[in-house]
Structures are given as structure tokens and as C-alpha cells.
Enquirer: 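Structure incoming, see below.
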Amino acid sequence: MNTKVLIVDKNVDNLESCPQITQAAELLQKNEVVALPTETVYGLAGNANDDKAIVKIFSAKGRPADNPLIIHIGDFDQLNDIVSEVSNEAKKLMKAFWPGPLTLVLKKKFGTLSNRATAGLSTVAVRMPNHPIALAIIKKCKLPIAAPSANQSGKPSPTTAKHVYADLAGKISAIVDGGPTNVGVESTVVDCTENPPIILRPGGITKEQLEEVIKTVAIDQALIDKGAAPKSPGMKYRHYAPNAPFFLVEGSRSFLQQLADEKRAAGLRIGILTTEEYKDEYEADVVLACGERRNLESVASHLYETLRTFNDLQVDIIYGEVFPPIGVGQAIMNRLSKAAGNQLIKEINES
Ligand code: TXA
Ligand code: MG
């Protein structure tokens, strides 16, 4: 299959009448799958009402069938066809954060939605993305749009059209290139069928922000205790993994440098993941700065690109600094821990 790349300037007026947007919307109406930018990461979009479109999404990504998809809507009216119940907490969260990087798990309305999109569950995850191109396409095609991140399952999520092309060229009908995404990590997933609501996946909207709107928000135990079974099916899989073994290092920079030196002495090509503040302090084959530590939003925004660059530069081992799990730092550490397969090396201070 020839994958078309449709370039769109997200800042033009009247996006809905732009020919590339029309083309993408028509492909979706024909139950083809199209990658498009959202404010978090690129998504692989398909008609959420059609089993055939959903099968195309799962097979292009190589995604396990028991991992349900997020349904994206362009306006509040579309919600009525998808969910059967919206709690007061959910209403408050939608009002505060939609459109935006927040996904709410709600009771599913049985009817038009493909059962495969929701992996046969009685709940459905819904979000309204805050990206002019995604919104224009959803409004134009007038369909609920299922869209997982547009990466090959297991790989880092794509934050540019180039990443999508590298993973899915030849497997999908088109990629709408609207430039790099902004947030860089996926939406926060909150289960609103429980009281209090539970964060199933940390993401672009922080726990602190949620708690400004509703008093209590719980966290899925599996996010704290790595042995517990996650409530969100997708959270049980290894994800975001670079090709080389990746270790998070908790300790001083000299300790991290020492680990790198030992492996370099054994002839291995070493990568170090740090930030702008400290990139000049390390010596290794590849030292990559992922944003600025003093601005965790910039770290989130560059995270997946940095993991992908290590693959391009073919290192044998990667050592990465840890980040404080505060604000978007929670999502950063969640993704980095998954990328590392929970491999953490801790410096032991003998004092
Ligand atoms: O920012 C995002 O959320 C991006 C963009 C494209 O919108 N999408 C995304 O989708 O990250 P995906 O498929 O990569 O992640 C969806 C997550 C998975 O962990 C999945 O298990 C969970 O949402 N999920 C979907 N439906 C669910 C449900 N009914 N109950 C619990 N978790 C659900
Ligand atoms: Mg994903």
C-alpha cells in the first residue's frame, strides 16, 4: 500500500475546507486508517463504528486485541452516542480540560460503537483532543474516531510525522503531517466509573491539576506497586522501549559516568540520556539532552524523539537520569520506567 503524506499548516484559517483535511475525512468515511497529529502524540485514526477499520488499526500497529482504543470526539454532542452515563465528577473534568490531554473512562452505550474498538469491555475511554487538525478532521467526517498512538506496538509513541512514517509506511492509507506535537506524552487516563475517579495512566494533565477541579483523585495501585495488576489493559505491556538495553540511574552524575566508563572500557558504545543543564558534564559515545530539567514540560515534549534518536545512533547500552515525579514528571517517569523495563540502578551512599 502506498502511504500518502498530506502536509497541512495547522495555523491556516478555515481548516475544515482545506483539501488535505477533506481527503483525510473521506478516507476515514471509507473505513481506511489515517495518522493525524493531536496535541499529545500522533494518533492512528479509524472509524470507531466500523469493525473493519478497527481491525486495520490493530493489524497496522501489531497491537494485542485485548487493548482497547481511545475514542476521539470533536464536540460534546458526539458523547451521547458513545456513553450511557456521565458522573458529576466526569462533567466537571470535561468542562475544565476538554479539549485537552485528558481521557475519561465512562460506561459505554451499546449500539453503534465497534465492540473491537473497546475490546469487548462495558466501558469506553473518550477524549476531545486539543489540536486544530484533529478537531477539523473529526468534525468533517462526523464520526467518532478511534485512535491509539500511531507507533508500532511497543515502540516510543510518535511526536512527528516522520516517526509515524518510519513505523507504519506501507501499512496505512495516509499520514497528515501537521508538524511536531506539543505535549509529547499521551493523555492522562482517568476512570470515572469509580468514586473517587482513578488515574490509570499519568499523562498531559497532572494529578495536581485534576485535584484543583475535583477534590479526590485516586491512583491505580499498579502505578505505585509494580507487582499489582493494572486496571487499564494497555498498562500491562512493555512500551516505549529503545532497541538497546536501557537503565535508569538514581544517584549522582559521577556515579552514572562511572557506570558508563566501565562499559566503555569493555568496548561497548554507550548512550547517556540527560538534559541541557548537564549534557556537557558527561563523556560517552552519544550524550543526548532531552529538554531542560528546570522545565519538565520540555522534557516530556522531547522524550520520545530522544528515545528514537538512540536507535538511529545505534548504541549498545543507554543510561538515563531520573526525574522528580511531580506534575508532568509523573508521566515522564512512568514512560521512562516502562522503556527501561523497570531496570533501575541505585547508587548506594555509605555514610
Ligand atoms: O494522548 C493520547 O491518549 C493518544 C492520542 C493519539 O490521543 N492516544 C493513546 O492511545 O495514547 P493508546 O491506545 O496508545 O493508549 C490508550 C490507553 C491504553 O493504555 C488502553 O489500555 C487504555 O487507554 N484504555 C482504553 N480504553 C480503556 C477502558 N475502557 N478502560 C481502561 N483503559 C482503557
Ligand atoms: Mg500507545
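In each ligand, atom 1 is the first atom listed, and ligand 1 is the first ligand listed.
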Enquirer: Gly43 heavy atoms, cut-off 4.0 Å: which ligand 1 atoms fall inside?
Expert: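 Those atoms are 6 (C).
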Enquirer: Quick one: which ligand 1 atoms are inside 4.0 Å of a heavy atom on Asn67?
Expert: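 Within the 4.0 Å cut-off of Asn67, ligand 1 contributes 18 (C), 20 (C), 21 (O).
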Enquirer: Using a strict 4.0 Å cut-off to heavy atoms of Leu200, name the atoms of ligand 1 that fall inside it.
Expert: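 By the 4.0 Å cutoff, the relevant atoms are 31 (C).
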Enquirer: Which residue and atom name correspond to the protein heavy atom nearest atom 7 (O) of ligand 1, and how close is it?
Expert: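 Checking every protein heavy atom, the shortest distance to atom 7 (O) of ligand 1 gives His72 NE2, 2.6 Å.
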Enquirer: What's the verdict on salt bridge (charged side-chain N to carboxylate O under 4.0 Å, His left out) for Lys231 and Asp191, showing C-alpha distance, side-chain angles and the deciding distance?
Expert: CA-CA 9 Å; Lys231 288 184 191 298; Asp191 184 354; over 6 Å; no
Enquirer: Taking the six-membered ring of Phe323 as reference, does the NZ or CZ atom of Arg293 fall below 6.0 Å from its centre and within a 45° cone about the axis?
Expert: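 Yes, Arg293 lies over the aromatic ring of Phe323.
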Enquirer: Is it true that Pro233 lies under 4.0 Å from ligand 1, counting heavy atoms only?
Expert: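 Yes, Pro233 has a heavy atom closer than 4.0 Å to ligand 1.
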Enquirer: What pairs with Ser252 under side chain to side chain contact (heavy atoms under 4.5 Å, CB included), at least two apart in sequence or on another chain?
Expert: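 Side chain to side chain contact (heavy atoms under 4.5 Å, CB included) list for Ser252, sorted by chain: Ser254, Phe255, Glu347.
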Enquirer: Tell me every residue that passes salt bridge (charged side-chain N to carboxylate O under 4.0 Å, His left out) with Lys92, counting only those two or more places apart in sequence or in another chain.
Expert: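 So Lys92 forms no salt bridge (charged side-chain N to carboxylate O under 4.0 Å, His left out) with any residue.
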Enquirer: For atom 15 (O) of ligand 1, which of Glu39, Arg201, His131 has the closest heavy atom?
Expert: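 Selected option, by shortest heavy-atom distance: Arg201.
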Enquirer: Indicate yes or no: does Glu32 engage Lys30 in a salt bridge with an N to O separation below 4.0 Å.
Expert: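 No salt bridge links Glu32 with Lys30.
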Enquirer: Which ligand 1 atoms, with their elements, are less than 4.0 angstrom from a heavy-atom of Ser149?
Expert: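 In order of number, 8 (N), 9 (C), 10 (O), 12 (P), 14 (O).
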Enquirer: Does any non-hydrogen side-chain atom of Pro148 lie less than 4.5 Å from one of Lys61?
Expert: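 Counting from C-beta outward, Lys61 and Pro148 do come under 4.5 Å.
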Enquirer: Using a 4.0 Å cut-off to any heavy atom of Arg127, which atoms of ligand 1 qualify?
Expert: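 Checking each atom against Arg127, I get 1 (O), 2 (C), 3 (O), 5 (C), 7 (O).
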Enquirer: May I ask whether Arg63 places a heavy atom under 4.0 Å from ligand 1?
Expert: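 Yes; Arg63 lies near enough to ligand 1 that a heavy-atom distance drops under 4.0 Å.
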Enquirer: Who are the side chain to side chain contact (heavy atoms under 4.5 Å, CB included) partners of Ile7, not counting sequence neighbours?
Expert: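 With sequence neighbours excluded, Ile7 shows a side chain to side chain contact (heavy atoms under 4.5 Å, CB included) to Val5, Asp177, given in chain and number order.
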Enquirer: I need the protein N, O or S atoms closer than 2.8 Å to the Mg ion (ligand 2), given as residue plus atom name.
Expert: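 Those protein N, O or S atoms (cut-off: under 2.8 Å from the Mg ion (ligand 2)) are Ser149 OG.
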Enquirer: What do you reckon, does Ala147 put a non-hydrogen atom under 4.0 Å from ligand 1?
Expert: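 It does, in that a heavy atom of Ala147 comes within the 4.0 Å cut-off of ligand 1.
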Enquirer: Kindly determine whether Leu168 and Leu44 satisfy side chain to side chain contact (heavy atoms under 4.5 Å, CB included), including the steps that lead there.
Expert: CA-CA 10 Å; Leu168 301 178; Leu44 180 56; 4.1 Å; yes
Enquirer: Any salt bridge linking Arg253 with Glu281? Criterion: basic side-chain nitrogen under 4.0 Å from a carboxylate oxygen.
Expert: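 Between Glu281 and Arg253 there is a salt bridge, with a charged N closer than 4.0 Å to a carboxylate O.
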Enquirer: Does Lys95 count as lying over the ring of Phe97, i.e. NZ or CZ under 6.0 Å from the six-ring centre, within 45 degrees of the axis?
Expert: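 Not flagged: Lys95 not positioned over aromatic ring of Phe97.
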Enquirer: Considering only the protein, which heavy-atom contact is closest to atom 27 (C) of ligand 1, and what is its distance?
Expert: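 For this ligand atom, the closest protein heavy atom is Pro68 CG, 3.5 Å.
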Enquirer: Whether Asp66 and Lys236 form a salt bridge (side-chain N of Lys/Arg under 4.0 Å from carboxylate O of Asp/Glu) is what I want to check.
Expert: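 Yes.
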Enquirer: I need the atoms of ligand 1 closer than 4.0 Å to a non-hydrogen atom of Pro148, numbered in the order shown.
Expert: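 Contacts of ligand 1 toward Pro148, numbered from 1: 10 (O), 12 (P), 13 (O).
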Enquirer: Using a 6.0 Å cut-off, check whether atom CD of Glu283 has over 12 heavy atoms from anything other than its own residue.
Expert: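 No - once you tally the heavy atoms of other residues, nucleotides and ligands closer than 6.0 Å, there are 12 at most.
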Enquirer: Considering non-hydrogen atoms of the protein only, which is the closest contact for atom 3 (O) of ligand 1, and what is the distance?
Expert: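 Answer for atom 3 (O) of ligand 1: Ser187 OG, 2.5 Å.
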Enquirer: Kindly determine whether Leu259 and Val249 satisfy side chain to side chain contact (heavy atoms under 4.5 Å, CB included), including the steps that lead there.
Expert: CA-CA 9 Å; Leu259 293 170; Val249 181; 3.8 Å; yes
Enquirer: Can you tell me which portion of Thr118 lies within the under-4.0 Å heavy-atom range of ligand 1? Options are side chain, backbone, both, or neither.
Expert: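 Answer for Thr118: neither.
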Enquirer: If you count the atoms of ligand 1 from 1 in the order shown, which ones are under 4.0 Å from a heavy atom of Thr123?
Expert: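 In order of number, 28 (C), 29 (N), 30 (N).
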Enquirer: With Arg335 as the cation and Tyr304 as the aromatic partner, state whether NZ or CZ is under 6.0 Å from the six-membered ring centre and within 45° of the axis.
Expert: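 Verdict for Tyr304: no cation-pi partner in Arg335.
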Enquirer: I'd like the name of whichever of Thr181, Thr40, Ile57 reaches closest to atom 5 (C) of ligand 1 through any heavy atom.
Expert: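 Comparing heavy atoms across Thr181, Thr40, Ile57, the nearest one to atom 5 (C) of ligand 1 lies in Thr40.
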Enquirer: Do me a favour and list the nearest non-hydrogen protein atom to atom 22 (C) of ligand 1 with residue, atom name and distance?
Expert: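 Checked against all protein heavy atoms, atom 22 (C) of ligand 1 sits closest to Ser232 OG, 3.2 Å.
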Enquirer: Is the NZ atom of Lys109 crowded by more than 12 outside heavy atoms at less than 6.0 Å?
Expert: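 More than 12 heavy atoms, drawn from other residues, nucleotides or ligands, come within 6.0 Å of this atom.
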Enquirer: Can you list the atoms of ligand 1 that are under 4.0 Å from a heavy atom of Leu121?
Expert: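 Going through ligand 1 atom by atom, the ones under 4.0 Å from Leu121 are 28 (C), 29 (N).
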